[in-house]
Protein chains: 2
Amino acid sequence: MDRRNTEKNEEASAQERPTLKTLAFMTGLGVTTVSRALKDAPEIGAETRRRVQLVAKQIGYRPNRAGVRLRTGKTNVISLVLNTEQEIMSFVSDIIYGVSEVIADTPYHLIVTPYSRSQDPLDPIRYLVETGSADGVIISRTQPNDPRARYMLERGIPFATHGRTEMGLVHPYHDFDNHAFAVEAVRRLASMGRRKLALLTPPVGLTYYGHTVNGFADALSEVGASEIPFSTVSIDHSIEQIRTRTAQLMRRDIRPDGFVSSAAAATLALVAGIEDAGLKLGRDVDIVSKQSSDLLHLFRPELLIVNENFRLAGSELARSVLGWISGAAPGSLQSLSVPGEVLAYNRTPD
Amino acid sequence: MDRRNTEKNEEASAQERPTLKTLAFMTGLGVTTVSRALKDAPEIGAETRRRVQLVAKQIGYRPNRAGVRLRTGKTNVISLVLNTEQEIMSFVSDIIYGVSEVIADTPYHLIVTPYSRSQDPLDPIRYLVETGSADGVIISRTQPNDPRARYMLERGIPFATHGRTEMGLVHPYHDFDNHAFAVEAVRRLASMGRRKLALLTPPVGLTYYGHTVNGFADALSEVGASEIPFSTVSIDHSIEQIRTRTAQLMRRDIRPDGFVSSAAAATLALVAGIEDAGLKLGRDVDIVSKQSSDLLHLFRPELLIVNENFRLAGSELARSVLGWISGAAPGSLQSLSVPGEVLAYNRTPD
DNA sequence: TCAATATACTGAAACGTTACAGATTGCCAA
DNA sequence: TTGGCAATCTGTAACGTTTCAGTATATTGA
């Protein structure tokens, strides 16, 4: 039996992928010793350790993930759970890159776990947990009372949420301060003399819907402006729906002279609707919009813009999950991104 | 030994994840039989097979991926290799969803393997192949002579490319017919009386750069229009660079009265540059642009638009890779997407 | 000198799966 | 009755890793 192993390794040394057995054969040590030497275990002699690590590097040894996973249960996988229909487009791309950046020099792989509108959002989470497919999970579209967060908390699987929950439970998150965004947006519009403001909201039900609405309301009373209700659509609605509803709104007697918009694509539709109604951006109405890629100012220079950095969000979320996996306290892995100033492109900033 | 297994399964049946051993215990069969019964092996009795599968479904048995992978080498993973800086944004999101759609009811997982501008594009491929991390790979930004495709072909690992190669080697691909796109675009511009055309090209070096340039040139001579060179930028350049160069170009005595643009974001910059030069879209110049999300018509209704469906590309690529993995001939897994008609939004279609 | 102890290393077992090489049973032809 | 054979089923080993329970050797203290 021993002879056969030896033969195999001798013959295959140039061909097959090296394993601990290969290293053991080459160094003349036992498999156990090699395994421990590679992970700097204390009871291995300093010289042996160096020797093993040198040889390992020389022949390009890489631990077999299946072996590790089978033995230890550690998958070295982070799963990003995404809704295939409702995520903001640049969100997907940017958050993936943000996560990638952080896990690039770790053994972690990123798997994308999609779910569709028709499914229970809990489905993909259950799958991941039941099959033990990931060491950590990142979810988006977080709700105040989020069953996914509760579920994972109960099972003790590390995760981070994009957006906060309001369940009195502690878990890592990264969030953009949408309350502050709405406040700044309203203040800006008010400073330009706009007094009747409307809000194109985030998707109803998500936590940041509440943040945004509250910030909007708080600032309205602060500046003494009034709200023109516009709750028939949210940024989750189709471009066409937003456009149509906006045009309808703008043809009424009492119409807004300022908008706060929570997403760039929705802002395009908003502007189209406004122009459908024969009104002009910058003259009849102003808009403060969030964007995640730097394109909106090309669309209409009159737009007032606040940037949200999803790549940063991805990095922060990845850092949080990895932190939790490696034992940090969940409560210490929460971050809030403060909006930058409102940017204007066709006038001198005040 | 047998007793210990039994005990463990008895105690743990409610708690731990069921394995073949659990099923074997419950059905009173051997582990081997259970394994074969689940995969419809021929030498298993019809009733036994049904019984095993019923119990498996009842207790929600899921094969342990690490076990399968260790034993068979099969990872049940498809890797999507992406450049973290240069991919078109909607490409990332759409292609992921396209792939997801296809692998949704298979045991496959999708892992995203990123690489950065500074890296050799071959690096991530080498990593995947050397570590055996995926059963199939999808790559983008394909070049006429693509070292990645050659490498994977040599090692016999199934893959599909977004875009074609020109190495005389057969492999699965999905491509958009950019030659046809350029031809149709030029014809359209010519039909509107545009005679001096410029092309905002794809990234130099990618295969579809050639397709686009050739289509553009072919159609120019067909319609008897002339080309205004605009080779200082491509869609890979920054928005600001494209904008500046466009403005420079449009201020010259001899300037284009028509553009063909290979990407939506670049088109925004193009329009901005044109307007910087004091010219007006639809009057002084027309643009035919590709887009992958349906937003460009909101930007300027005068734009002429051709849609490219990246979600479809993702699905096709996934289908191709899976096909190759399951033994289909690589040559039968190639597809070309024909551009739809040029869409106009502010005039009646002709 | 001897036992105790620290140091450096090792084999066997186990994770869950599949492939290989049997084993058992029943049936049929000779 | 018996040998052969098909139909079903089974135990063992192996994939590469880590953990457990050691073993062998040198070192220390008395």
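Please read these numbers as outputs of a predicted model, since none were measured by experiment.
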| query | Does B/Ser140 offer a backbone N or O that forms a donor-acceptor pair with the side chain of B/Arg148 under 3.5 Å? | reply |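 A pair under 3.5 Å: yes.
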Examine distances only and state if a side-chain atom of B/Thr84 and a backbone atom of A/Tyr97 form a donor-acceptor pair shorter than 3.5 Å.
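No; zero donor-acceptor contacts below 3.5 Å.
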Distance, rounded to the nearest Å, where [X] contributes [atom1] and [N] contributes [atom2]:
| X | N | atom1 | atom2 | result |
| --- | --- | --- | --- | --- |
| A/Arg65 | D/dG16 | CZ | P | 16 Å |
| B/Arg36 | C/dT18 | CZ | C1' | 9 Å |
| B/Leu38 | C/dG16 | CG | C1' | 13 Å |
| A/Glu16 | D/dC15 | CD | C1' | 11 Å |
| A/Leu23 | D/dT17 | CG | C1' | 13 Å |
| A/Asn64 | C/dG16 | CG | P | 16 Å |
| B/Arg49 | D/dC9 | CZ | P | 10 Å |
| B/Leu20 | D/dA13 | CG | C1' | 16 Å |

Practice task
Anything under 30° is parallel, anything over 60° is perpendicular, the rest tilted; go ahead and classify A/Trp324 against A/Phe159.
Solution key: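 The rings of A/Trp324 and A/Phe159 sit tilted, inter-plane angle from 30° to 60°.
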Hey, does the side chain of A/Lys21 come within less than 4.0 Å of D/dT17's phosphate (OP1/OP2), counting only N and O?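 A/Lys21 to D/dT17 OP1/OP2: no side-chain N or O under 4.0 Å.
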For D/dT10 and B/Thr33 - does any side-chain N or O of the residue sit under 4.0 Å from the phosphate oxygens OP1/OP2?
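True: B/Thr33 side-chain N/O within range (under 4.0 Å) of D/dT10 OP1/OP2.
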What's the closest nucleotide to the [X] side chain, out of [options]?
| X | options | result |
| --- | --- | --- |
| A/Ile44 | D/dC15, C/dC9, C/dT18 | C/dC9 |
| B/Thr48 | D/dC9, D/dG16, C/dT17 | D/dC9 |
| B/Arg71 | C/dT17, D/dC9, D/dT19 | C/dT17 |
| A/Leu29 | C/dT18, D/dT18, C/dC9 | C/dC9 |

- prompt: Donor-acceptor pair under 3.5 Å: do we get one between B/Thr32's side chain and the base of C/dA19?
  reply: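 Checked by distance alone, the answer is yes.
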Counting any heavy atom closer than 4.0 Å, what does [X] reach on the DNA or RNA strands: base, sugar-phosphate only, or nothing?
| X | answer |
| --- | --- |
| B/Gly30 | sugar-phosphate |
| A/Gly28 | sugar-phosphate |
| A/Thr72 | sugar-phosphate |

- Message: Assess the residue pair A/Ser79 and A/Thr113 against the criterion (side chain to side chain donor-acceptor pair (under 3.5 Å)); give the C-alpha distance rounded to whole Å, side-chain angles, the decisive distance to 0.1 Å, and a yes or no.
- Response: CA-CA 6 Å; A/Ser79 172; A/Thr113 306; 2.7 Å; yes
If you pin B/Glu43 and A/Leu70 to their nearest nucleotides in DNA chain D, which one's is more 5'?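 Its nearest nucleotide lies further toward 5', so the answer is B/Glu43.
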Checklist line | 5' precedence on DNA chain D between B/Gly45 and A/Lys39 (nearest-nucleotide basis) | finding: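 Closest to the 5' end, via its nearest nucleotide, is B/Gly45.
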| How many angstroms lie between CZ in B/Arg164 and CG in B/Leu336, if you round to the nearest 0.5 Å? |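 If I round to the nearest 0.5 Å, the distance is 4.5 Å.
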